[in-house]
Trainee: 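Quick one: this structure, given as structure tokens, is what I'll be asking you about.
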Amino acid sequence: MVMPKSNFNERCYKLLKLVPEGKVTTYSEIAKALNSKACRAVGSAMARNSNLLVIPCHRVIRSDGYIGNYALGADKKAELLIKEGVAVSNGKVKDLGKVLYRFDT
DNA sequence: GGCGTGACCCCAT
DNA sequence: TATGGGGCCACGC
């Protein structure tokens, strides 16, 4: 039986897993879904990328539309997003409103 | 057991 | 429009 380090990061992963391919979400959306403003804690959990191979951490971007950062590098993150069908330019998502996935829907 | 940092966000100036 | 400051949660030392 595996015990999670914290419920918080597991929540982030779970929500993130709900994001379909070709779509992205923001740290703030996840934080809000957790009923918290700890957008930093979300990123922190991803930074540890405990589940990089299990969680599409690259589908998480900033609210400004910028990709932000990534364990393997923002550049790699942009490439992955583009491959999934997300329009990315200069490290920023072009049609954020179109690819942004909301948990509140 | 306490302080600082971090894949951030929002508001005010 | 750009810059500064405050705030939130988890983790490392």
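The sequence lines fix the lettering, A, B, ..., with proteins before strands; numbering per chain opens at 1. Side chains are part of it too, since the values below use all heavy atoms of this structure and drop only hydrogens, waters and symmetry mates.
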Trainee: I need the CG-C1' distance between Asp75(A) and dA7(B), as an integer number of Å.
Mentor: 15 Å

Trainee: Can you tell me the distance, in whole Å, between the CZ atom of Phe8(A) and the C1' atom of dC9(C)?
Mentor: 6 Å

Trainee: Among dA7(B), dC9(B), dA10(C), find the nucleotide with the atom closest to the side chain of Ala41(A).
Mentor: dA10(C)

Trainee: Can you tell me if His58(A) and Glu84(A) form a side-chain donor-acceptor pair at under 3.5 Å?
Mentor: yes

Trainee: Is Arg62(A) close enough to dA7(B) that one of its side-chain N or O atoms is under 4.0 Å from OP1 or OP2 there?
Mentor: no

Trainee: Quickly, which of Val99(A), Thr25(A), Leu96(A) forms a side chain to side chain contact (heavy atoms under 4.5 Å, CB included) with Ile61(A)? Name it, please.
Mentor: Leu96(A)

Trainee: Taking CD1 from Ile61(A) and C1' from dC9(B), how many angstroms apart are they, rounded to a whole number?
Mentor: 14 Å

Trainee: Determine the contact category for Ser63(A): base if any of its heavy atoms lies under 4.0 Å from a base atom, sugar-phosphate if only primed atoms, P, OP1 or OP2 are that close, otherwise nothing.
Mentor: sugar-phosphate

Trainee: For a quick check of understanding: with a heavy-atom distance under 4.0 Å over all strands, which category does Arg40(A) fall into, base, sugar-phosphate or nothing?
Mentor: base

Trainee: Do other residues, nucleotides or ligands put more than 12 heavy atoms under 6.0 Å from the NZ atom of Lys23(A)?
Mentor: yes

Trainee: Report the distance from atom CZ of Arg48(A) to atom P of dT5(B), rounded to the nearest whole Å.
Mentor: 15 Å

Trainee: Please determine whether the number of non-hydrogen atoms from other residues, nucleotides or ligands lying under 6.0 Å from atom OH of Tyr101(A) exceeds 12.
Mentor: yes

Trainee: Quick one: does Tyr13(A)'s side chain have a donor or acceptor within less than 3.5 Å of a partner on Ala45(A)'s backbone?
Mentor: yes

Trainee: Side chain of Asn9(A), heavy atoms from C-beta onward: which of dC9(B), dC11(C), dA7(B) has the nearest atom to it?
Mentor: dC11(C)

Trainee: What integer distance in Å separates Ile67(A):CD1 from dC9(B):P?
Mentor: 13 Å

Trainee: Take the protein atom OH of Tyr27(A) and the nucleotide atom C1' of dA10(C), then report the distance between them rounded to whole Å.
Mentor: 15 Å

Trainee: Which sits closer to the 5' end of DNA chain B, Tyr70(A) or Lys32(A), going by the nucleotide each is nearest to?
Mentor: Tyr70(A)

Trainee: Of all the nucleotides listed (dA7(B), dC8(B), dC9(C)), which has the minimum atom distance to the side chain of Cys39(A)?
Mentor: dC8(B)

Trainee: Rounded off to whole Å, could you give me the CD-to-P distance for the Glu10(A) and dC9(C) pair?
Mentor: 19 Å

Trainee: Send over the distance from Leu72(A) CG to dA7(B) P, rounded to a whole Å.
Mentor: 14 Å

